[in-house]
Each structure stands twice: as structure tokens, then as C-alpha cells.
A.B. asks: 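I have a structure here, written as C-alpha cells, and I will follow up with some questions on it.
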2 protein chains.
Amino acid sequence: MTKPRSRRGGGRPTIADVARKAGVGAITVSRALREPGRVSEDLRRQIQVAVDELGYIPDPNARALASARAEVFGVLVPSLTNNVFAEVVRGIYDSLSDSPFRIQMGNTHYSGLEEERLLQLFASQRPAALIVAGIDQTPQSRKLLETAGCPVVQVMETGHDPVDMLVGFSHFDGGRAAAEHLIEAGYRRIGFIGARMDPRSQRRLAGYRAAMEAAGLFDPRLVTTTPLLSSVTLGRELLRDALAKMPSLDGVFCNNDDIALGVLFECRRAAIAVPKAIGIVGFNDLDMMQAAFPSVTSVRTHRYEIGRQAVAMALAAIAGRRPQQRVVDLGFELIRRESTAR
Amino acid sequence: MTKPRSRRGGGRPTIADVARKAGVGAITVSRALREPGRVSEDLRRQIQVAVDELGYIPDPNARALASARAEVFGVLVPSLTNNVFAEVVRGIYDSLSDSPFRIQMGNTHYSGLEEERLLQLFASQRPAALIVAGIDQTPQSRKLLETAGCPVVQVMETGHDPVDMLVGFSHFDGGRAAAEHLIEAGYRRIGFIGARMDPRSQRRLAGYRAAMEAAGLFDPRLVTTTPLLSSVTLGRELLRDALAKMPSLDGVFCNNDDIALGVLFECRRAAIAVPKAIGIVGFNDLDMMQAAFPSVTSVRTHRYEIGRQAVAMALAAIAGRRPQQRVVDLGFELIRRESTAR
DNA sequence: ACCTTGCATGGTAGCGCTACCATTTTCTGC
DNA sequence: GCAGAAAATGGTAGCGCTACCATGCAAGGT
């Protein structure tokens, strides 16, 4: 004789309560909320009143179970603290904040294995869409993405063979542009300094190398890398290493802006004149590059925009309007500043 | 006559499939997965084999629906890109990566209203725990937290009146320690420079003011703030403003390290000697403070540790072992560096 | 007048899982 | 050896929602 609801549910209003209050069937309430066009003006208003009065919020779990589709975007990035991905994630959150979609984020720690594990976990929840960083998934991961049964957007790169959709830019071209700029500015012994050489960093290095070889300037001893996570402090150390190996170094293309800032500080500390004795180019163009003294040339990337665009494409695909172009190249921009103004 | 499952589910194995394969009841499979201790060694092994062979992954939505409790941690922070919160969030993710708990994150954009909205949304999903930044929730939000029916951990502050549990440190004390350090180092016209004056920044300012007043050095013209979001570039501008207002300024306590870095760059650009003419102290002690030239004194905070501790306390509470102390003060550490070594 | 078409609405039957209550088996204690 | 307790296992009935298939009724075609 006890009311069934009191047993478990905790007394929150359900769709049945709303239906009773509005004097309609539960299914009509469900429709009024999801496809208002299919319910008559009158009932729609009645239902809205009942929803407001009861403070009804649909249970996303019940929804997901009944419809075999969760209103969740799965987002997979290699790092949460790296400003680059944080910006992408911010773009994703901002774009989804007014939608019914929730976000489930995963941190792969730059590990392919971890990516596989998380992808499997995410896919098992039938997400509405998946957004993953990079195009270098393991074959296993790629298969998971292909069979996920939802729109998939790879981000942060460009290429010709996406799983589904792809938004980003060419790291190779970015690296090449940076190196070419240094060459044009008159630098000759131009080093590459990079930490945590993930696939994107490798491509930037390849772009740098292409430019250097084209100019007949490449020398393997100009390249200084480490698998360690990048940091400003590490930038200082790597410049010291690079100079030890190659004292005649007169320019550096840094894998990212943290490294570039470290290189700048090390130059100041060692009384090496920038841009006179050494030119510096960073990557990503964080705010601090512009504020630095001297200000630092960097390759500006559109991270926030990548996040927004990825969501826009996914939403379009969910709505059945797959974008005409599956690959969007948002490009980059070389911002010339004092650090290379010789 | 069609198999029911083929209609909707998409063919993924369910608990019933596992049960059939292992020759046991569905409920036993459920128990074997959640409370292995209550199932005999034999069956447990049989079930494990069936799970592995079928590649069975429990459906979290069905679980949440049936148990009226989602395995989700709700996490609410004011910003995703601010390194400070990113570190806390990283601590939370790392601590939960091996647990069955998922994370649902919300970005309040420093808005109380947005916080209320997200809290309502989160609470409606019956999360296993809630972690929220700060202690300055609106009365509405506080009530939501109190009635959420799950462990709640407020983070990034300390105090005597948490909703439930609290992990962080005293911003007031941090601000006071910074100011006292500058006073001891011999600086007298010590300014406060701060952007986006959220409650935590306000408390740091209050700590600074207390120290300055105790030394008879406080002057309201020493305080320069703006509601804008903080950035390195903004640090430069704020120092210019501060100097225009008070040319005799000989020290600054910066609300955070981004501002401090901007102040440092502006000093270099304006040929103001650091630490000789002006002493600089930052807040948070990001990696770059140590690498800077001159290196910058800063108040080190334990952000990652706060995230880990918050999760540890929440997990203990979920397991029914509420921690003896509901408020954990992880403190801070003043790191003395060149920027105040007069 | 009849039948067809389309729209608005509702009833029923699950989605995959777990809470609750049996039921069976095994283990005590005397 | 047996009553009683404890442990192991299973059956049933939902959790709150939506897919699917009616049903009823007005509009249009012949």
C-alpha cells in the first residue's frame, strides 16, 4: 500500500506527475519537451505550466536508457593543464553550455593505451558525439571511433583521411613558416628546441627541417629535444644544452611558447642579446608572448575556435546536416615581434 | 517473434547475456561486479570469464536509473583555462581515473547565477559527490548543496563553516605573508595589483591591507584593481596605472603570477630595476616564476594536492567513513627569490 | 456517401540494471 | 543430530523515460 515512488526515487517529480497535473498522457509531455512542433499549442502551454510548477527536470539517465542514446559529448585530450588544450576545451564547453548536451572529458596523458581505454569506456555509453585530439590513434582506437555510431570530430590537426570530421591546422606548415621567417630575417644557425615530442611536435619539427634543408642549412646537431613534459624551466635547460652542442647557434624555433619563454629568460640571464645574437620564435602565441620584453614572435593558432567549430560540426551532423566539407583547416598566423627583428 | 534486443539496443551484451553464459542469475552477475565479497569464489571466476569473452561493459545509465544514484562527480569551477583551477581539476581527474566514477565538469565563468543553474542541473542527476570552488555560494546555491544528498567538498579556501567538507588554504594569510615579506625586505610604498577581483582575490587584498596597516604603511592609492580577466598583458597595464597614481611605488604584491610576470616585463621595458627599485611578489608560484629573470618571489599553493585531497575526502564519505576533520588546510609557502632580494 | 491521408494523442512494452524479498544451501551451537 | 542463523543465489518488480504501434478525428479526394 506504500506509494512505490517513496521507496526509491526520493520524491522528485517525474514525467508522470507532470502528465497528471497537465491532464495529458506521459508521452505527450515527453514530446512537448523534445519535439514541441508535434504537440498542439494548447497542450504545450498547459504542459509548460505543469513543468514550471513542479520544477520538473527530466532524468538524463532514464532518457539515455530508453532512447539508447545519451546526450553526452565525449571529449578526449592528452592534457588538461596544457593551455593549448584548455582553450580547445573552453571552446567546446562554451558552445555546448546552452544545449542539452553534457560533456564527458577524458585525459589520455599522451598515452595511446590510455586513449584506447577511455575510448572504449566512452563508446560504451553511446555518446551523441566524440571529439578527440589528434589523428594518430592506434588502429584499435581508430576502429572504435569508426564503429562508435556517432559523429566523430578529430581536432588540432589537418589531413586527408579523417575518421569522420577534422578541424585544425597544419603543424608541418606552422613549423616551416617559423623556420622560413628566421631564415628570411637573416639567421643561419637556427636550432629546434622541443619537449614532449608528441606527433604534433614531430610534424612541426618536420616542417622546420624541410625549410632548413630547402635553404641548405639543416644540421642534425641543431635539433634538441626531450620526452619530458614541457615547461618554462625546461626551456632554459634545453637552450643551455643546445648552446653546449652548438655554440654558434643564432636562432631557435621553440616547440611551444613555454619553451620559448624559458629560452628568452635564459638568454637574458646569460646576457645573450635578443634578437641581435639569437632570434626566438615560439608556437601558439599565448598572451604572454606579446607582453614579454622583448616581445616574442610566435605562430598564432586558433584553439578556442577549433573547439567551437568542432562542436558546430558535430551538432550539424547530429541534426542530420552533415557539413559539406569534412575537413576544416583553420590555419595559423605568424606574428612577427621584437625577438626576431634583427 | 523478433528478438526484443535487436529492436533497439544495438546488440551490445547485457547483464542477462553474461548471466546466461555463466549459467547464473542476472542479479548474481550484478553482485559479482559490485560486491565481489558476496559471491562465491567459483561463480565469481565463471562470471569473470563470461564478462571477458563477451566484452561486457555495464551500462552506467541503467545503473543510475535502477539505483537512483549516478557514479558521477560533479565539479564546478569558475574557469577552465586559469592554470590554478586546471591544476585542481587535474588532481581530481588523476584521483578518479581508476575508480568507476565519471566526472561532470561545469564552468561557472565566475558567475553566481551560472553556478546556481549548473548546480541545479548537476543535483538533478543525483551525483555521488559534488566538488565546488569557493565558499561564497549564493544562499540559493548553498541550500542546493545542503540538500543534494551527497558528500560536498568546497575547495580552494579555508573557513569554519563549510557546507560539508572543505579543502584549501587561507588567501588572507597568503596575502598578508606576501606583504609582510616585502615590508621585511625593506620596501615601503608597496602596491597591490589585482585583476578580476573574485572573493579569493578580495581576501588576498584584505590580508595585504592588514599587514600594511599593522606596519602603518597602508594608503588606498596603493591599490590598483580591475574587474577584467587577468593576463600578462593586463599586468603590464596595471603597473603603468599604479605608477601613474603613485610614482614613488617601490614594491608590488600581485594578485597572481600572470599579473606578476606582466609587471616584471613592464619593469624591464621601462628600465626599472628589479628588485632594486621595485620588489615583486606573485601568487600561486607557477613554474615560470622560478625560471624568470630575475626569478620572482611567489606564494606557492598546492593546487593539485587540493584536488586529490578533495576526492579522497569525498570517496571516504561515500564509503561511509566521513573524515574526522571536515576542514583541511593545506597551507601555502612563501618562496623567496631574486625579485625581492634587495 | 465512402475511403484515404495525415495529424494529434495515448497505451503498452520495454531499455539494462538493481532493491527488495524469497528461497535454498551451508554453517554454526548445543 | 537438529533447530536456528548466516551465507549464497535467484525471482520479481520496478527506476523514469521513449519507441512503437494503436486510436480517434478532421480534412481532402472521388
Side-chain angles (χ1 to χ4, degrees), chain A residues 1-20 22-47 51 54-71 100 124-126 128, chain B residues 1-20 22-47 51 54-71 100 124-126 128:
Chain A
M1 272 298 105
T2 49
K3 288 179 199 151
R5 187 167 314 102
S6 69
R7 186 160 60 91
R8 295 208 223 157
R12 282 174 49 225
T14 73
I15 202 166
D17 297 325
V18 176
R20 209 170 307 124
V24 300
I27 189 67
T28 305
V29 175
S30 176
R31 266 197 289 262
L33 263 32
R34 289 176 303 134
E35 311 167 86
R38 290 192 49 193
V39 174
S40 71
E41 180 66 26
D42 269 11
L43 284 193
R44 214 186 308 155
R45 206 173 8 238
Q46 263 171 263
I47 289 168
V51 164
L54 292 172
Y56 170 71
I57 301 178
D59 181 330
N61 299 117
R63 250 189 192 173
L65 184 58
S67 66
R69 177 59 70 206
E71 292 188 315
S124 80
Q125 299 178 40
R126 313 177 161 287
Chain B
M1 273 298 104
T2 49
K3 286 181 201 148
R5 189 167 311 102
S6 69
R7 186 159 60 90
R8 296 206 224 158
R12 283 175 46 224
T14 72
I15 202 166
D17 297 325
V18 177
R20 207 171 308 124
V24 300
I27 189 66
T28 306
V29 175
S30 176
R31 267 198 287 262
L33 263 32
R34 290 176 302 134
E35 311 166 85
R38 290 192 48 192
V39 173
S40 71
E41 178 67 25
D42 268 11
L43 285 193
R44 215 186 309 155
R45 202 170 13 236
Q46 263 170 263
I47 290 168
V51 165
L54 292 171
Y56 169 72
I57 301 178
D59 181 330
N61 298 117
R63 250 186 193 177
L65 185 58
S67 65
R69 179 58 70 205
E71 291 187 316
S124 80
Q125 298 178 38
R126 311 177 162 289

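Labels below follow one simple rule: chain letters A, B, ... track the order of the sequence lines, proteins then strands, and each chain is numbered from 1. Every value quoted in this text rests on a predicted model; they were computed, and no experiment measured them.
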A.B. asks: Mapping A/I27 and B/P58 onto DNA chain C by nearest heavy atom, which one lands closer to the 5' end?
C.D. replies: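 By nearest-heavy-atom nucleotide position, the 5'-most residue is A/I27.
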A.B. asks: Taking the minimum atom-to-atom distance to the side chain of B/L65, which one of C/dT9, C/dA19, D/dG16 wins?
C.D. replies: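 Given the options C/dT9, C/dA19, D/dG16, the side chain of B/L65 is closest to D/dG16.
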A.B. asks: Verify the contact: side-chain N or O of A/T28 to OP1 or OP2 of C/dT9, cut-off strictly under 4.0 Å; return yes or no.
C.D. replies: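 No, A/T28 has no side-chain N/O under 4.0 Å of OP1/OP2 on C/dT9.
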A.B. asks: I want to check one thing: is the phosphate of D/dT18, taken as OP1 and OP2, less than 4.0 Å away from some side-chain N or O of A/S30?
C.D. replies: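 Checking A/S30 against D/dT18: at least one side-chain N or O falls below 4.0 Å of OP1 or OP2.
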A.B. asks: Record whether the side chain of A/R31 comes under 3.5 Å of the base of C/dG10 through a donor-acceptor pair of N or O atoms.
C.D. replies: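 For A/R31, whose side chain was compared with the base of C/dG10, there is a donor-acceptor pair (under 3.5 Å).
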A.B. asks: Write down the distance between CG (B/D17) and P (C/dG16), rounded to a whole number of angstrom.
C.D. replies: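 Result: 9 Å.
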A.B. asks: Nearest whole Å is fine: how far is D/dA8 P from B/I47 CD1?
C.D. replies: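 That distance rounds to 13 Å.
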A.B. asks: Compare all side-chain heavy atoms of A/L33 with those of A/R63 and state whether any distance is below 4.5 angstrom.
C.D. replies: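 Yes, their side chains come closer than 4.5 Å.
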A.B. asks: Can a side chain N or O of B/T14 be found less than 4.0 Å away from OP1 or OP2 on C/dC15?
C.D. replies: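 No, no such contact exists.
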A.B. asks: Going by heavy atoms in the side chains, are A/P60 and A/E71 under 4.5 Å from each other?
C.D. replies: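 No - every pair of side-chain heavy atoms lies 4.5 Å or more apart.
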A.B. asks: If you pin A/R38 and A/I15 to their nearest nucleotides in DNA chain D, which one's is more 5'?
C.D. replies: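 Closer to the 5' end of DNA chain D: A/I15.
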A.B. asks: In whole angstrom, give the distance that lies between atom CG of B/N61 and atom P of C/dT18.
C.D. replies: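 Those two atoms, CG and P, are 12 Å apart.
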A.B. asks: CD of B/E35 versus C1' of C/dA19: gap in Å, rounded?
C.D. replies: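 Distance, rounded to whole Å: 11 Å.
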A.B. asks: May I have the distance from B/R34 (atom CZ) to C/dC17 (atom C1'), rounded to whole angstrom?
C.D. replies: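 Taking CZ of B/R34 and C1' of C/dC17, I get 8 Å after rounding.
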A.B. asks: May I ask you to decide if B/P36's main-chain N or O and B/R44's side chain share a donor-acceptor pair within less than 3.5 Å?
C.D. replies: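 Indeed, once roles are kept as given, a pair shorter than 3.5 Å links the two residues.
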A.B. asks: Separation of A/R69 atom CZ from D/dC17 atom C1', in whole Å?
C.D. replies: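 Between C1' of D/dC17 and CZ of A/R69: 16 Å.
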A.B. asks: Over how many whole Å does the gap from B/L54 atom CG to C/dG16 atom P extend?
C.D. replies: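 B/L54 atom CG is separated from C/dG16 atom P by 14 Å.
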A.B. asks: Between B/R12 and A/S124, is there a side-chain heavy-atom distance shorter than 4.5 Å?
C.D. replies: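 Yes, their side chains come closer than 4.5 Å.
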A.B. asks: Can you tell me how far apart CG (A/N61) and CZ (B/R69) are? Round to the nearest 0.5 Å.
C.D. replies: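 With rounding to 0.5 Å, CG (A/N61) is 11.0 Å from CZ (B/R69).
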A.B. asks: Can you tell me how far P of D/dT9 sits from CG of B/L33, to the nearest Å?
C.D. replies: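 One finds 15 Å between P of D/dT9 and CG of B/L33, rounded.
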A.B. asks: When you measure from the side chain of B/R63, which nucleotide among C/dC17, D/dG10, D/dC17 comes out closest?
C.D. replies: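 For the B/R63 side chain, the nearest candidate turns out to be C/dC17.
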